[in-house]
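We name chains A, B, ... by the order of the sequence lines, and we start the count at 1 in each one.
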2 protein chains.
Amino acid sequence: MLARVSSTPTFRRLPRAVREQQMLDAAVKVFSRRGYHGASMDEIADDAGISKPMVYAYLGTKEELFVACLHREGTRMMQAIADVVAPDLSADERLWRSLRAFLGFVGAHRDGWSVLYRQARGEQPFAGEITALRRRIVEVVAGMLEDTLRDAGREVTETELEVVAYALVGATESVADWLVDHPEADPEQTATRMMNVAWVGAAQLLAGTSWRPPNRRGEAPS
Amino acid sequence: MLARVSSTPTFRRLPRAVREQQMLDAAVKVFSRRGYHGASMDEIADDAGISKPMVYAYLGTKEELFVACLHREGTRMMQAIADVVAPDLSADERLWRSLRAFLGFVGAHRDGWSVLYRQARGEQPFAGEITALRRRIVEVVAGMLEDTLRDAGREVTETELEVVAYALVGATESVADWLVDHPEADPEQTATRMMNVAWVGAAQLLAGTSWRPPNRRGEAPS
DNA sequence: AAGCATACCTACTCGTGCGTAGGGTTACGC
DNA sequence: GCGTAACCCTACGCACGAGTAGGTATGCTT
C-alpha cells in the first residue's frame, strides 16, 4: 500500500484551533451553496481537506456544526457594526452607521452570512435561534426610534414602535438580498438609498405626518 | 382478516378533485409544521386520511407536491389582492388596498402561505421559483412608485426605484411575519401602520426630501 | 349482469448519508 | 529513546424515508 504518492506535503498535522477554522470555512461554503440538507458532511470534510470523523471530533453533529457556522458569521457581522457605532452618537447617525456597516459587510462577504441566514429562517431547528437574534436587533432599532421620538416630544404605543422597527429590519434584509445578487452594486450607495426611505419615512411619521386610510367609496362604517 | 372493524364509514371513495384538495390541505399543514425536509410523505398521506401511493398517483413526487402547495396558496393570495385592486385607481390607493388585502390574507391564514413562503426561500429547488414571483411583485410596486413620481415630475434612476421597491416588499414580508405570531393583532391596523412608514417615506423621498450622509468627522472625501 | 375504469391498499426495495468503531502515526515531554 | 497524548484515517452499521409493485374493491356504464 503506497500512501501519499506525491502532492505537496501540506499534510502536516495542524493544531486544533486552526483545523476548526478551516472546517468552519468549508462548512460555510458548502452550506451556502447546497443548503443545510443538501450539504453532506462528507463534502464538507473533503472540502476542508480532512476526513469526516475529525469534523465530528471537533465540531460535533451536523446540526451543531451549522449552529457553529451561524454563530461565527453572526458574531462577525455584529462586530462589524459594533466597531463603528458609539453610544454617544445621535440616533440617526447610529442608524446610518449600522446600515452602512451592515450592507458593507454583506457586500464584502457575498455568500456566507446572508445565505446562511436565509437557510436558518426556514429550518425548524434554527428558526428559534434566528428569531431571537432578530428580535434583539428589532429592539435596538426600536430603541433608536424611541430616542428620536422622545426628543421630538411625541408619544407612540409600544406596538406601533415594534411594527415600524420590524418593517425597517425587514426592508434592510431585503435590500441586503438584493445586494447579494447584484455584484456590481455599491454597498455605500445602496445604504444611502435605504437610509433615505427608512429614515425619511420614520422621521416624518414620528414627526406627526401620518397617512390615513381613505374612505372614498362603498366602505360601510361600522 | 377483518377489515375496517368499526369507525365511521367515511371511507367512501371520493372523486379525484376532492381528494386532491384534501391532500393539499394536509400537505400544507404538515409542510408548515415540520418544514420541507422534516415532513414525510407518510405523515402527509396519513393526515389526509389516505395511503401514500394515492398521493404519488395524484400529485407526484414530494418536490412536485410542495410546488403544488406553493402554487395553490400563492394563487389564493394573489387572487385576494386582485379582487380589491382596479387599474384605474390612484397609485397610493392601489398600494394601500394591496397591503390591506395582503395582510388581511396572511392574518386569516396564520399558517399556510407565509410559512411555506419562508420555507421555499431557503431550499434550493424552490428558491428560483420564489425569487421569480418576488421579482414580479417588486416590479408591480416599482411601477406604482414610478406612476406617482411621474405625476410629481421627478426623475429617478431605475436602480433607485428597484432598491426602494425591494425595501418596501421586504418590509411588508417582515411585518407579515410579525402578524403571524401575534394572533391578537389586527391586520387592518397593522396595514395602516405599515402604509404609514412605507408611503410617507416613499412619497417624501420621491418629492425631493432626501436624506444625505453626514460628513462630520474623519471622513476623507475622495 | 358483465365489463371496465378508477379509487384504494399493504408491503416491499433501495439509495443516501449521518454518525462511529477501531486502529495507525506524528510530535512532544522527560 | 520511550511513553503518552494529540491528530488523523479507512471502513462500516444503521435508520429513515422516497418511491413502487402488484393486487383488491367499488361504482358507473351499457
Side-chain angles (χ1 to χ4, degrees), chain A residues 1-5 7-24 26-27 30-31 33-69 119 123-126, chain B residues 1-27 30-31 33-69 119 123-126:
Chain A
M1 274 287 186
L2 270 264
R4 296 290 165 246
V5 175
S7 83
T8 45
T10 320
F11 285 83
R12 278 227 312 287
R13 293 170 159 222
L14 295 175
R16 175 162 185 159
V18 177
R19 272 278 131 89
E20 276 180 350
Q21 291 310 309
Q22 294 180 346
M23 288 175 188
L24 285 174
V30 177
F31 279 136
R33 186 176 316 153
R34 308 248 194 250
Y36 177 69
H37 288 280
S40 78
M41 294 299 268
D42 286 281
E43 183 177 358
I44 291 170
D46 208 54
D47 198 278
I50 216 76
S51 77
K52 200 165 47 155
M54 279 277 90
V55 182
Y56 280 87
Y58 285 174
L59 278 325
T61 72
K62 187 179 188 182
E63 200 168 315
E64 289 166 342
L65 176 59
F66 189 77
V67 171
C69 289
Q119 300 287 343
E123 305 298 334
Q124 249 63 35
F126 319 113
Chain B
M1 277 285 190
L2 270 262
R4 298 287 165 247
V5 175
S6 65
S7 84
T8 43
T10 321
F11 285 81
R12 278 230 313 286
R13 296 175 158 218
L14 295 174
R16 176 163 185 158
V18 176
R19 272 279 130 89
E20 276 181 350
Q21 291 310 309
Q22 294 179 346
M23 288 176 188
L24 286 174
D25 290 342
V30 177
F31 279 136
R33 186 177 317 153
R34 308 250 195 251
Y36 177 69
H37 289 281
S40 77
M41 294 298 270
D42 287 280
E43 184 177 356
I44 291 170
D46 209 54
D47 198 279
I50 216 79
S51 78
K52 201 165 46 152
M54 278 278 90
V55 181
Y56 280 88
Y58 286 174
L59 278 326
T61 72
K62 188 181 188 183
E63 201 167 312
E64 290 167 341
L65 176 60
F66 189 77
V67 170
C69 290
Q119 299 287 344
E123 306 298 334
Q124 249 63 32
F126 319 113

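- For the OP1/OP2 pair of C:dA7 and a distance below 4.0 Å, the side-chain nitrogens and oxygens of B:Tyr58 include at least one atom meeting the criterion.
- Annotation: side chain of A:Gln124 is in contact with side chain of B:Gln119 (closest heavy-atom distance under 4.5 Å).
- Going from atom CG of B:Asp42 over to atom P of C:dT10 covers 12 Å, rounded to whole Å.
- Using a 4.5 Å heavy-atom threshold, the side chains of A:Ile50 and A:Gln22 count as separate.
- Using cut-offs of 30° and 60° for the angle between ring planes, the A:Phe126 and A:Phe66 rings count as tilted.
- Residue B:Arg19 has a polar side-chain atom (N or O) positioned under 4.0 Å from OP1 or OP2 of C:dC8.
- The residue A:Met41 sits close only to the backbone: its heavy atoms come under 4.0 Å of sugar-phosphate atoms, none of a base.
- Per the geometry, CD1 belonging to B:Ile44 stands 11 Å off C1' belonging to D:dA18, to the nearest Å.
- Taking only side-chain atoms of B:Arg13, from C-beta outward, the nucleotide of C:dA7, D:dC7, D:dG19 with the closest atom is C:dA7.
- At a cut-off of 3.5 angstrom, the base of C:dG19 holds at least one donor-acceptor pair with the side chain of A:Lys52.
- Per the geometry, CD belonging to A:Gln22 stands 13 Å off C1' belonging to D:dC8, to the nearest Å.
- Note on A:Ala39: only backbone sugar-phosphate atoms sit closer than 4.0 angstrom, heavy atoms only; bases stay farther off.
- Rounded to an integer number of Å, the gap from A:His37 NE2 to D:dG17 P is 11 Å.
- With rounding to whole Å, B:Met54 atom CE is found 8 Å from C:dT6 atom C1'.
- Comparing B:Pro15 and B:Pro53 against DNA chain C, the residue whose closest nucleotide sits nearer the 5' end is B:Pro15.
- The distance between atom CG of A:Leu14 and atom P of C:dA27, rounded to the nearest whole Å, is 11 Å.
- Remark: the backbone N or O of A:Gly38 is not paired with any side-chain donor or acceptor of B:Glu123 at under 3.5 angstrom.
- With D:dT10, C:dG19, D:dG19 as the choices, the nucleotide that has an atom nearest any side-chain atom of B:Thr61 turns out to be D:dG19.
- Rounded to a whole Å, the CG atom of B:Leu59 is 13 Å from the P atom of C:dC8.
- Using a 4.0 Å heavy-atom distance criterion, A:Ser40 is classed as a sugar-phosphate-only contact.
- Counting to the nearest Å, the P atom of D:dA11 and the OH atom of A:Tyr56 are 19 Å from each other.
- At distances below 3.5 Å, at least one donor-acceptor pair connects side-chain atoms of B:Glu64 with backbone N or O atoms of B:Thr61.
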